[in-house]
Structures are given as C-alpha cells and as structure tokens.
Peer 1: 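Have a look at this one.
Residue numbers start at 1 and run along the sequence shown.
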Amino acid sequence: MNRGEAMKCYECGKGEYLERHAAKFRVDDNEIGTFCVADVSYMQCSHCGDRLFGPDDARKIEEARDRELDGILKAMPLSSFISASSTAKMLGISRQALHKHRRISRGFIYQTIHDTSRFYLKESVERFRDAGDGRFTLRHPEARPVEYEETSGVTPECPFDFFVKRTCVSESKGDI
C-alpha cells in the first residue's frame, strides 16, 4: 500500500482506518469493568468503529488491564483465596501441573501474589473445575473507573491529598 493511500477496514470492508489519539483511552472489559489508559494512538474504521493498535499501545493497554485486575483481586479479602496446594487438590492435579497449565497461566483462573506466595480465587477455581473457564465479571458493569490527577501548588500535609479524586467506582451490590 502506498503512503497516503487509505487502508480498508478488515471487519466491515466499507470504511477506512483513520489515525486517532486519545489522552485518556477508555477500555470496557468484560471481566474487570472499565479502566482508562493514558496516551494511546490507534487506527479506527470510519464506518464500523473497529480499532487497530500498534504493538506498543497494545502492550500499554494489556499492562494497565493487568494492574487493574491485580488491584481488584488485592482488594478482596484473603479468605476468598486458596493456596496452590489446595487449588491443585481441588482440580485433581499436581502442583507442578498447576503451575505449568497453559490455560491457568493465561488467566483462566484469577490469581494474585501475597507475601511471595501465589493464591487462587476460590470461586474462580470452582468455575474452572466445573466449566473449564474460571473467568467471570469481578466488577459491576456500570462501575466507573477511579481516576486521579496530580494537583498543583502547595504540598499537602496528608500525602494522599496530593491527588484529587476525579471519578470513583460506584459502590453498589454486585461490586467486587
């Protein structure tokens, strides 16, 4: 394709991809809800809205998703998690097989690290055992992301006052 020539959409075949840039790019994820990623460039179809991301921006979005997921899991009570030994026993496999299992290592069971040990979300393990996929919605679909912006001026007495809360996750039954 020659430079300056428009690229046809891969999805609909009707539109053309146009370059876009977002200072704050909003991502709606089926499992963790909505989160924002700063400074993302992408191509978007003028007809259907399909988006294409370059490797650096795709990596940036994936890293932001991983941080958001880890934050959600770490906010849950430790009693919601089970050890690797209990997880392996529940699935009927060895601990070695648990750690080498491709689907589990790719996130089909929610897991987090606490004090250098890996813990697995019990509900996720049960769903994986019963259906082969332990993923489910962790945050209410209508929850909005928490965004913080630095304030300018005098350094506050409380270190947490340095950031101003702009939006917050809506707390309602069904959240986390």
Side-chain angles (χ1 to χ4, degrees), residues 10-11 22 24-43 49-149 159-160 162-163 165-176:
Y10 296 120
E11 290 297 314
K24 285 188 180 176
F25 184 76
R26 177 186 161 137
V27 179
D28 296 313
D29 188 274
N30 292 338
E31 295 148 14
I32 63 173
T34 302
F35 62 97
C36 293
V37 184
D39 193 34
V40 174
S41 295
Y42 56 96
M43 304 283 284
D50 183 48
R51 294 183 181 133
L52 299 175
F53 299 92
D56 293 338
D57 291 308
R59 192 175 306 110
K60 188 186 295 186
I61 292 169
E62 192 62 33
E63 288 169 357
R65 184 193 187 280
D66 290 345
R67 282 191 306 274
E68 187 75 15
L69 175 60
D70 195 49
I72 291 169
L73 292 173
K74 287 194 171 157
M76 297 175 129
L78 196 53
S79 60
S80 300
F81 293 86
I82 57 176
S83 68
S85 298
S86 298
T87 300
K89 191 174 192 176
M90 200 176 214
L91 297 175
I93 59 176
S94 68
R95 282 188 66 202
Q96 183 179 12
L98 173 70
H99 295 298
K100 289 186 173 188
H101 197 290
R102 286 185 181 204
R103 296 187 86 204
I104 294 171
S105 64
R106 289 185 179 154
F108 280 71
I109 294 179
Y110 295 127
Q111 53 192 285
T112 190
I113 296 175
H114 181 72
D115 288 340
T116 70
S117 296
R118 187 171 301 275
F119 291 93
Y120 299 84
L121 188 61
K122 186 175 182 179
E123 182 180 353
S124 184
V125 174
E126 291 168 345
R127 287 176 182 234
F128 185 84
R129 178 193 62 205
D130 298 340
D133 190 349
R135 298 173 296 181
F136 58 94
T137 303
L138 291 170
R139 184 183 287 163
H140 192 271
E142 295 170 8
R144 288 187 298 280
V146 177
E147 294 178 23
Y148 295 93
E149 293 180 7
F160 298 107
F162 187 69
F163 294 96
K165 194 173 193 179
R166 296 291 181 208
T167 62
C168 63
V169 174
S170 59
E171 296 294 328
S172 65
K173 292 185 180 183
D175 277 5
I176 306 178

Peer 1: Quick one: CZ on R102 to CZ on R106, what's the gap to the nearest 0.5 Å?
Peer 2: 6.0 Å
Peer 1: Looking at R135 and G107, would you say the former's side chain and the latter's main chain have a donor-acceptor pair under 3.5 Å?
Peer 2: no
Peer 1: Could you report the tightest heavy-atom contact between S124 and G134, atom names first, then the distance?
Peer 2: OG-O, 2.8 Å
Peer 1: Which of parallel (below 30°), tilted (30 to 60°) and perpendicular (above 60°) describes H101 and F128?
Peer 2: perpendicular
Peer 1: Under 4.0 Å between a side-chain nitrogen and a carboxylate oxygen: does that hold for E63 and R59?
Peer 2: no
Peer 1: To check you understand the geometry: which heavy-atom pair defines the closest contact between L121 and F81, and what is its length?
Peer 2: N-CD2, 3.5 Å
Peer 1: What's the shortest heavy-atom distance between V37 and V40, and which atoms?
Peer 2: CG1-CG2, 3.7 Å
Peer 1: For the CD1 atom of I32 and the CZ atom of R67, what is their distance to the nearest 0.5 Å?
Peer 2: 10.5 Å
Peer 1: Of all the heavy-atom pairs spanning I82 and V125, show the shortest one and how long it is.
Peer 2: CD1-CG2, 4.2 Å
Peer 1: Kindly compute the distance separating CD1 (I72) from OG1 (T112), expressed to the nearest 0.5 Å.
Peer 2: 11.5 Å
Peer 1: Would the distance check show the side chain of T137 and the main-chain N or O of N30 forming a donor-acceptor pair, the cut-off being under 3.5 Å?
Peer 2: yes
Peer 1: Does the side chain to side chain contact (heavy atoms under 4.5 Å, CB included) test come out yes or no for I113 and R118, once each step is laid out?
Peer 2: CA-CA 4 Å; I113 296 175; R118 187 171 301 275; 3.6 Å; yes
Peer 1: Look up atom CG in D57 and atom CD in E62, then write down how far apart they are to the nearest 0.5 Å.
Peer 2: 13.0 Å
Peer 1: Go through L98 and Y120 one step at a time and tell me if the side chain to side chain contact (heavy atoms under 4.5 Å, CB included) criterion holds.
Peer 2: CA-CA 11 Å; L98 173 70; Y120 299 84; 3.8 Å; yes
Peer 1: Determine, stepwise, if the pair I104 / Q111 fulfils side chain to side chain contact (heavy atoms under 4.5 Å, CB included).
Peer 2: CA-CA 9 Å; I104 294 171; Q111 53 192 285; 3.8 Å; yes
Peer 1: Of all heavy-atom pairs between R95 and S85, which one has the smallest distance, and what is that distance?
Peer 2: CD-OG, 3.2 Å
Peer 1: Is any side-chain heavy atom of F25 less than 4.5 Å from a side-chain heavy atom of R51?
Peer 2: yes
Peer 1: For this output row, return yes or no: ring centroids of Y110 and F136 closer than 6.0 angstrom.
Peer 2: yes
Peer 1: Step through the shown structure and confirm whether more than 12 heavy atoms of other residues, nucleotides or ligands are within 6.0 Å of NZ on K122.
Peer 2: no
Peer 1: Looking only at heavy atoms, what is the nearest atom pair of I61 and F35, with distance?
Peer 2: O-CE1, 4.0 Å
Peer 1: Take a 6.0 Å sphere around NZ of K89 and say whether it holds more than 12 heavy atoms from other residues, nucleotides or ligands.
Peer 2: no
Peer 1: Measure the spacing between NZ of K74 and CG of L69 and express it to the nearest 0.5 Å.
Peer 2: 10.5 Å
Peer 1: With side chain to side chain contact (heavy atoms under 4.5 Å, CB included) as the criterion, how do V27 and R65 come out once you've worked through the C-alpha distance, each side chain's angles and the decisive distance to 0.1 Å?
Peer 2: CA-CA 9 Å; V27 179; R65 184 193 187 280; over 6 Å; no
Peer 1: Could you tell me if the side chain of E31 sits less than 4.5 Å from the side chain of L138, heavy atoms only?
Peer 2: no
